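For reference, the structure discussed in these notes is given below.
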Amino acid sequence: MSPSATSPPNRPHRKRHAGAGGGGADDGSTRRRRSAVLLGPTHFPAVRSFGLRLALVVAPAPRHRREQRPLHYACRPTSLPCRRRRRLRSIISLLHLPILRPFYLRYILAAAASAPCRCRRKESLVGMGNYISRLLAKSSSDRGKAPPADDTAKEDLCEVFTPLTNEEESEVKNILYGSDQSKKIIVLHGPSNIDITKEKIWCLRTCNWLNDEVINLYLELLKERAQREPKRFLKCHFFNTFFYKKLACGKTGYDYQSVRRWTTLNRLGYGLVECEKIFVPIHRNVHWCLAIINMKDRTFQYLDSFGGMDHAVLKILARYIRDELNDKSNIQVDTSSWLKISDSCPLQQNGWDCGMFMLKFIDFHSRGIGLCFTQEHMDYFRKRTAKEILRLRAD
């Protein structure tokens with residue numbers, strides 16, 4: 001018996017030839033595949049975007065984990081150790097939850113600021129880690145150095161960093177960490193009509209975000225401080241946390257009429273043209289920043305404890321001060337020539353101290369001294385702020 005008679009027939013070979021000839025069972029499926037290629041959605045310009053969206057939605061996930069290469073990995077070095085790859089993969093997965101993106105951004109910025117710089121890292125890399133490293137390239141230790149100070153500045157620095165007494169420490173601790181009657185009003189500020197309950201002042205605990213009431217009350221205390229000692233402090237105006245929200249509203253993103261009456265002479269007793277600096281708190285999503293209008297130097301400053309810069313905010317404030325001076329003082333000024341500055345400032349190393357950094361930016365600038373503090377001082381500044389608020393109870 002010949003080998004060809006005992007061996008099984010080569011059926012796939014026959015079917016392939018039969019299909020190619022047009023009479024096989026696979027002829028219909030072959031034609032359907034060809035028509036799918038010829039009539040795909042990308043051949044119709046009107047439905048290309050919808051075809052692409054559908055393809056992205058229904059595309060099956062890869063079976064093997066090793067084959068998965070998200071787009072985020074295109075900008076990272078391939079020589080990362082295994083542990084760092086796993087950690088980066090788990091962190092990047094958070095980007096798919098939009099509600100967590102601001103918190104993730106704070107985390108990655110703080111981690112980049114505190115990470116040591118490695119000389120072997122190439123400057124040509126354009127990954128996220130390198131971008132953040134360049135964003136925060138200036139060392140926070142340089143920002144913490146105090147500039148040469150005169151006697152008045154030295155006196156201010158001694159006052160700012162004076163430790164709390166044992167009695168003050170005990171009082172602050174009882175208020176911040178006591179558990180009795182959280183709704184009880186402990187401070188009522190008459191001029192601003194701001195009342196502070198124990199629940200509201202609890203935002204000064206460590207790892208908490210500051211609320212509007214505490215921030216605005218502290219700004220009122222800075223205003224009263226300058227009125228008591230005008231020769232010691234700069235002539236400043238302190239807008240509250242609601243000013244910029246009102247100014248940047250409306251259909252065009254700018255509404256001067258909504259804040260026009262905030263700065264009348266009868267209400268303030270002075271005009272903004274007389275001020276050296278104007279402080280504007282800026283709240284972006286879950287982050288506090290500060291904008292400063294320097295009337296004397298004719299500049300705009302933007303201070304962000306994450307090292308960012310928002311030109312849109314300064315553009316709105318430039319338009320505001322032009323309309324304000326024209327309306328209240330009948331002065332025509334071209335604010336387009338004013339410089340927009342993003343000075344180096346102390347950087348936060350966590351995700352909750354942005355409000356306290358903003359308050360200290362205002363405090364130090366209103367004194368005319370440099371920003372000679374760091375992240376390490378934030379817990380002390382929280383206690384000191386609580387102490388200054390609680391002082392109103394005795395008054």
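No experiment lies behind these values; they were computed from the predicted model shown.
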Hydrophobic cluster (4.5 angstrom, side-chain heavy atoms) - remaining members for Ile341: Leu339
Within this structure, what is the CZ-OG distance for the pair Arg298 and Ser337, rounded to the nearest 0.5 Å? 7.5 Å
Side chains of Phe242 and Asp212: closer than 4.5 Å at any heavy-atom pair? yes
So, for Phe364 and Cys372, which heavy atoms are closest and what is the spacing to 0.1 Å? CE2-SG, 3.8 Å
Transitive ILVMFWY side-chain link Phe243 to Ile215, under 4.5 Å: no
Hey, does Phe238 have a side-chain heavy atom less than 4.5 Å from the side chain of Tyr218? no
Look up atom CD in Glu171 and atom CG in Leu390, then write down how far apart they are to the nearest 0.5 Å. 5.0 Å
Below 30° counts as parallel, above 60° as perpendicular, anything between as tilted: where do the rings of Phe373 and Phe361 land? tilted
So that I can tick it off, tell me whether Glu220 and Lys223 are bridged by a salt bridge, with the cut-off set at under 4.0 angstrom between side-chain N and carboxylate O. yes
What I'd like to find out is whether the side chain of Glu324 reaches to under 4.5 Å of the side chain of Tyr256, using heavy atoms alone. yes
Test applied, side-chain hydrogen bond (donor to acceptor under 3.5 Å, both in side chains); reference residue, Asp353; option that passes from Gln375, Gln348, His377: Gln375
With Ser192 via side chain to side chain donor-acceptor pair (under 3.5 Å) - residues at least two apart: His189
Looking at Trp209 and His287, would you say the former's side chain and the latter's main chain have a donor-acceptor pair under 3.5 Å? no
Taking all non-hydrogen atoms of both residues into account, name the closest pair between Asn174 and Lys198 and its distance. O-NZ, 4.1 Å
If you look at every heavy atom in Leu371 and Cys345, which pair is closest and at what distance? CD1-CB, 3.9 Å
Residues forming a side chain to side chain contact (heavy atoms under 4.5 Å, CB included) with Arg225, sequence neighbours excluded: Leu222, Arg228, Phe233, Asp363, Ser366, Arg367
Within a radius of less than 6.0 Å around NZ of Lys245, do more than 12 heavy atoms belonging to other residues, nucleotides or ligands occur? yes
Partners passing side chain to side chain donor-acceptor pair (under 3.5 Å) against Gln257 (at least two apart in sequence or in another chain): none
In terms of hydrophobic clustering (I, L, V, M, F, W, Y; side-chain heavy atoms under 4.5 Å; direct or indirect links), are Leu359 and Tyr244 co-clustered? no
With Glu213 via salt bridge (Lys or Arg N to Asp or Glu O under 4.0 Å) - residues at least two apart: none
Side-chain polar contacts of residues 268-283 - donor-acceptor pairs under 3.5 angstrom, sequence neighbours left out - could you list them?
unit_1	atom_1	unit_2	atom_2	d
Tyr270	OH	His237	ND1	2.8
Glu274	OE2	Gly271	N	3.3
Lys277	NZ	His365	ND1	3.1
His283	NE2	Asn285	O	3.4

For Glu376, the salt bridge (Lys or Arg N to Asp or Glu O under 4.0 Å) test, sequence neighbours excluded, returns none
Taking Met356 as the starting point, is it possible to reach Phe161 by hopping between hydrophobic residues whose side chains are less than 4.5 Å apart? yes
Would you indicate whether Glu167, at its atom CD, is surrounded by more than 12 heavy atoms from other residues, nucleotides or ligands within a distance under 6.0 Å? no
In the structure I gave you, are the side-chain heavy atoms of Leu325 and Met295 within less than 4.5 Å of one another anywhere? yes
Please determine whether a side-chain nitrogen of the Lys or Arg among Asp323 and Arg260 lies less than 4.0 Å from a carboxylate oxygen of the Asp or Glu. no
I'd like to check Leu204 versus Val172 (side-chain heavy atoms, cut-off strictly below 4.5 Å). Are they in contact? no
Flag side-chain contact, heavy atom, 4.5 Å: Glu199 against Lys183: yes
Which residues share a side chain to side chain donor-acceptor pair (under 3.5 Å) with Glu169, sequence neighbours left out: none
Side-chain cluster (under 4.5 Å, hydrophobic types only) that Leu265 belongs to, other residues: none
Would you say the side chain of Tyr254 lies within less than 4.5 Å of the side chain of Leu247, judging by non-hydrogen atoms? yes
What heavy-atom pair brings Arg382 and Leu210 nearest, and what distance separates the two atoms? NH1-CD2, 4.0 Å
All salt bridge (Lys or Arg N to Asp or Glu O under 4.0 Å) counterparts of Arg319, not counting sequence neighbours: none
Residues passing the salt bridge (Lys or Arg N to Asp or Glu O under 4.0 Å) test with Asp304, sequence neighbours excluded, are none
For atom NZ of Lys246, decide whether the heavy atoms of other residues, nucleotides or ligands shown that lie under 6.0 angstrom number more than 12. no
Under a single-linkage definition using a 4.5 Å side-chain heavy-atom cutoff for Ile, Leu, Val, Met, Phe, Trp and Tyr, are Trp288 and Ile194 assigned to the same hydrophobic cluster? yes
For Ser182 versus Trp202, what's the shortest heavy-atom pair and its separation? CB-CH2, 3.4 Å
Residue set satisfying side chain to side chain donor-acceptor pair (under 3.5 Å) with Asn326, at least two apart, ordered chain then number -> Gln332
Nearest 0.5 angstrom please: Phe239 CZ to Ile362 CD1, how far? 12.0 Å
Atom pair CG (Leu221) and CG (Leu219), whose distance is rounded to the nearest 0.5 Å: 8.5 Å
Considering only heavy atoms from C-beta outward, does the side chain of Ile186 approach that of Ile389 to under 4.5 Å? no
Going through the distances and angles, do Leu317 and Trp338 end up as a side-chain contact (heavy atoms from CB on, under 4.5 Å)? CA-CA 11 Å; Leu317 293 180; Trp338 292 22; over 6 Å; no
Is it true that, when you exclude Lys383 itself, more than 12 heavy atoms of the residues, nucleotides or ligands shown sit nearer than 6.0 Å to its NZ? no
Write down the atom of Met358, the atom of Leu290, and the distance for their closest heavy-atom approach. CG-CB, 3.9 Å
Nearest 0.5 Å, please: how far is CD1 in Ile201 from OG1 in Thr385? 9.5 Å
Among the clusters formed by ILVMFWY side chains lying less than 4.5 Å apart, do Val214 and Met378 turn up in the same one? yes
